[in-house]
Number of protein chains: 2
Amino acid sequence: MDTPRRPERTGFLLSQLGSFAAARFAELVKPAGLTPATAGALRILARNPGLSQRALADRLGAVPSRVVVLVDALENAGLVSRTRDPDDRRHHRLDLTDAGRAALQGLRAAAEQQNADILGPLDPAEREAFAALISRLATAHGIDPDVHRGFGDHPHAR
Amino acid sequence: MDTPRRPERTGFLLSQLGSFAAARFAELVKPAGLTPATAGALRILARNPGLSQRALADRLGAVPSRVVVLVDALENAGLVSRTRDPDDRRHHRLDLTDAGRAALQGLRAAAEQQNADILGPLDPAEREAFAALISRLATAHGIDPDVHRGFGDHPHAR
DNA sequence: TATTGTTATACTCTATAACTATA
DNA sequence: TATAGTTATAGAGTATAACAATA
């Protein structure tokens, strides 16, 4: 019952499984009119009311013109509002609307569903062990829980 | 010392870590003039000498026009040869060149290096446990070890 | 002059559709 | 008429550079 495991494959399988997980998440948030990228921005804005686009760009590790597109999408979906900052009219203050806050709840549900879908094949103890190891690795590699790398990190990006 | 873990984050961290792993692999094979996509094609061709482009497309889950680009790249890099099949001149037989076989060795080395880089923070027992869990999940979700999903699986793809 | 946000433009990846050649 | 491969074209995503408004 021991498939002769080739240990050098773990990194490869991790890439694949990560892509699978990202695709699943994308599916789950699509009905809400979100993508992994806009979902990531929404989460940051939820915790940082009034953030400027520049500041959001820095958090996302994205370029300002990219943020325009992201915020356009969120604004068109009615989830985020842009208002000029009266103190410095160059800035836009970004805030979640009521619909945005509701969408945020949906994101949490999507994340839980994604988890259940991905980790379903493991029993509770194994899930716990897997979660702990993934968490350790993410921390060790400085992975920022805000930035959705799953999509948006193509070879020619950066 | 127990960071209160939010279990619904595991899927998210898995996406991120997978993308990280894919990006690392891309870096490692880039000096050899390969990308994750061409590397995946090369591996399939190594095990299936004389494969046609159509058959390769099926293995990759890609469309024939995509395979043209991939094989063009491999041929231009001198790693793969196209020869018309004398039995049915519509087909191209795809075969690795000597340089292609050498590149394949390099891919194995890259995979090992990627593994070491990713799993470095874990001790040997943990690596083993992680490898076993990842392997189980990959199998359970029907992940094909040939197809490089890490790149090339964009929302509008398919 | 420097900064924020926007627009214009370009590039990569990948798909669909039209086409060529072989069968 | 059907199939293998190619070319032409289009679309998504994201970057760089030029620009307008504001400071």
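Worth knowing before you read on, the calculation uses all heavy atoms, side chains too, and leaves out hydrogens, waters and symmetry mates. To find a chain, count down the sequence lines: A is the first, B the second, and so on, and within it residues start at 1. Here the structure is a predicted model, which means the values were calculated and not measured.
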*Just say parallel, tilted or perpendicular for the rings of F130(B) and F130(A), cut-offs at 30° and 60°.*
parallel
_Heavy-atom closest pair, residues G120(A) and R127(A)_ =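 Looking at all heavy atoms of both residues, the closest pair is O-NH2, 3.5 Å.
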*Taking only the side-chain heavy atoms of R82(A) (C-beta and beyond), determine which of dT4(C), dT6(C), dA4(D) contains the nearest atom.*
dT6(C)
*From dA4(D), dG5(C), dT6(D), pick the nucleotide closest to the side chain of V68(B)?*
dT6(D)
Just the rounded figure in Å: distance from [atom2] of [N] to [atom1] of [X].
X      : N      : atom1 : atom2 : result
N76(B) : dT6(D) : CG    : P     : 12 Å
L51(A) : dT4(C) : CG    : C1'   : 13 Å
L74(B) : dG5(D) : CG    : P     : 15 Å
Q53(A) : dT7(C) : CD    : P     : 10 Å
H92(B) : dG5(D) : NE2   : C1'   : 7 Å
L70(B) : dT6(D) : CG    : C1'   : 15 Å
L56(B) : dG5(D) : CG    : C1'   : 13 Å

*Using a distance-only test with no angle check, is there a side-chain donor-acceptor pair under 3.5 angstrom linking N48(A) and R59(A)?*
yes
*Side-chain donor-acceptor pair under 3.5 Å between R24(A) and Q113(A), yes or no?*
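The answer is no; no qualifying pair exists.
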*Start with the C-alpha gap between L96(B) and L42(B), add the side-chain angles, then the distance that decides, and say whether side-chain contact (heavy atoms from CB on, under 4.5 Å) holds.*
CA-CA 8 Å; L96(B) 265 60; L42(B) 192 69; 3.9 Å; yes
*Summarise how protein sits on nucleotides 17-23 of chain D as a single string, 5' to 3': B when a protein heavy atom is under 4.0 Å from the base, S for sugar-phosphate-only contact, - for no contact.*
B----BS
*Are R108(A) and F12(B) in a cation-pi setup, meaning NZ or CZ lies under 6.0 angstrom from the ring centre and within 45 degrees of the ring axis?*
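No.
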*For R93(B), answer base if it contacts any base atom (sugar-phosphate contacts may also be present), sugar-phosphate if it contacts only those atoms, and nothing otherwise; contact means non-hydrogen atoms under 4.0 Å.*
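The answer is nothing, as R93(B) stays clear of every strand by at least 4.0 Å.
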